[in-house]
Each structure stands twice: as C-alpha cells, then as structure tokens.
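Report on the structure given below.
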Amino acid sequence: MIEIEVSNRSGVDVESEATTELARRVLAAEGIADGELGIVFVDADESRSLKNEHLGIDEPTDVLSFPIDGREQLPRELPRQLGDVVLCPAVVGDAWRRPLAHGLLHLLGYEHGPEMEAREATLLRKVAREAG
C-alpha cells in the first residue's frame, strides 16, 4: 500500500484528497504498489529558497522532487521511501495535476525529455478517464 503524507505550508487551501488520489493513480499506473510518499505544498518564498539551494536558480518553481529509493531493488523487509514532491500553489494555481505527475515521475527516475513528456500526457489522460 502507498502511504501518502500531505503537508500544506503554502498558506492557501489545497485539494489534499484529490492530490492524494492522483498520486495513487499515477504510482499504480507505474507499477508502484507499496511505499511512502510525501507531498508538500509551500509558498513562493520557500519554493524559491529550495530551488536556489538545490538547483542554484533563484526563482520560485511549480514543482521540485526529492527522490529517495525510486524503483531500486530493496530488501523485502525495508519499506520503499519514494521521496517528496514539493508543489507551489502560488506558481501552479489550479493547474497542479501536471506538475504533480511530473514530480512523481522524477521520483521514479524519469529525466526531462520526450519520454517523460509522453508518459505524463498518457498518465494524465488515463487518470482523467478513470476519474470521469
């Protein structure tokens, strides 16, 4: 089972349940059935600080990913720590679904490029059909 902890430090209301549901669906579509995931909503200042600290770019961003185990083989007794996805509502607004899917794919080892973009689009279409 995927355990998801959502934390909201953004100062605005977020769709926690919808966020959790989308994350579960994306991970299931990627074959991930067990693990722990953190989703954190932050304000623009914290987003800027994190992006500057980790990427050396001084601006807020839509999403950052901090992978831990990804798809690595783990001993059976160890729980899978997927990592954290950090979203900034001040940047993404109501369009948080694609950045969340993007961030989750980074946790699973995808890198920017055509393969990742195609997978994002496919996953979002699939999730929309399932939810619809």
Between [X] (side chain) and [Y] (backbone), is there a donor-acceptor pair under 3.5 Å?
{"X": "Ser10", "Y": "Val12", "result": "yes"}
{"X": "Ser47", "Y": "Thr61", "result": "yes"}
{"X": "Asp69", "Y": "Leu82", "result": "no"}
{"X": "Ser49", "Y": "Asp45", "result": "no"}

So which heavy atom on [X] is nearest to which on [Y], and how close?
{"X": "Ala44", "Y": "Ala90", "result": "CB-CB, 4.2 Å"}
{"X": "Arg48", "Y": "Pro60", "result": "NH2-CD, 3.5 Å"}
{"X": "Leu123", "Y": "Ala29", "result": "CD2-CB, 3.3 Å"}
{"X": "Val85", "Y": "Ser65", "result": "CG2-OG, 4.4 Å"}

So that I can tick it off, tell me whether [Y] and [X] are bridged by a salt bridge, with the cut-off set at under 4.0 angstrom between side-chain N and carboxylate O.
{"X": "Glu120", "Y": "Arg97", "result": "no"}
{"X": "Glu115", "Y": "Arg119", "result": "no"}
{"X": "Lys51", "Y": "Asp58", "result": "no"}

For this session: Taking the six-membered ring for Trp and the single ring otherwise, decide whether the centroids of Phe66 and His54 are under 6.0 Å apart.
Result: yes
Find out whether [X] and [Y] are in side-chain contact, i.e. whether some heavy atom of one side chain is under 4.5 Å from a heavy atom of the other.
{"X": "Leu37", "Y": "Leu107", "answer": "yes"}
{"X": "Val6", "Y": "Thr20", "answer": "yes"}
{"X": "Leu124", "Y": "Thr122", "answer": "no"}
{"X": "Tyr110", "Y": "Glu30", "answer": "yes"}
{"X": "Val91", "Y": "Val63", "answer": "no"}
{"X": "Ile39", "Y": "Leu100", "answer": "yes"}
{"X": "Leu27", "Y": "Leu108", "answer": "yes"}
{"X": "Val40", "Y": "Asn8", "answer": "no"}

Exercise. In terms of hydrophobic clusters joined by side-chain contacts under 4.5 Å, are Leu22 and Val14 together?
Worked result: yes
Exercise. How far apart are the C-alpha atoms of Leu87 and Leu64, what are their side-chain angles, what is the distance that settles it, and do they pass the side-chain contact (heavy atoms from CB on, under 4.5 Å) test?
Worked result: CA-CA 7 Å; Leu87 292 159; Leu64 291 166; over 6 Å; no
Roughly how far, to the nearest 0.5 Å, is the [atom2] atom of [Y] from the [atom1] atom of [X]?
{"X": "His106", "Y": "Met116", "atom1": "NE2", "atom2": "CE", "result": "3.5 Å"}
{"X": "Ile4", "Y": "Glu17", "atom1": "CD1", "atom2": "CD", "result": "12.0 Å"}
{"X": "His112", "Y": "Leu105", "atom1": "NE2", "atom2": "CG", "result": "10.0 Å"}
{"X": "Asp62", "Y": "Trp96", "atom1": "CG", "atom2": "CH2", "result": "14.0 Å"}
{"X": "Glu36", "Y": "Gln81", "atom1": "CD", "atom2": "CD", "result": "4.0 Å"}
{"X": "Arg24", "Y": "Leu104", "atom1": "CZ", "atom2": "CG", "result": "12.0 Å"}

Problem set entry | Results of salt bridge (charged side-chain N to carboxylate O under 4.0 Å, His left out) for Arg9 - residues two or more places apart only | Glu46
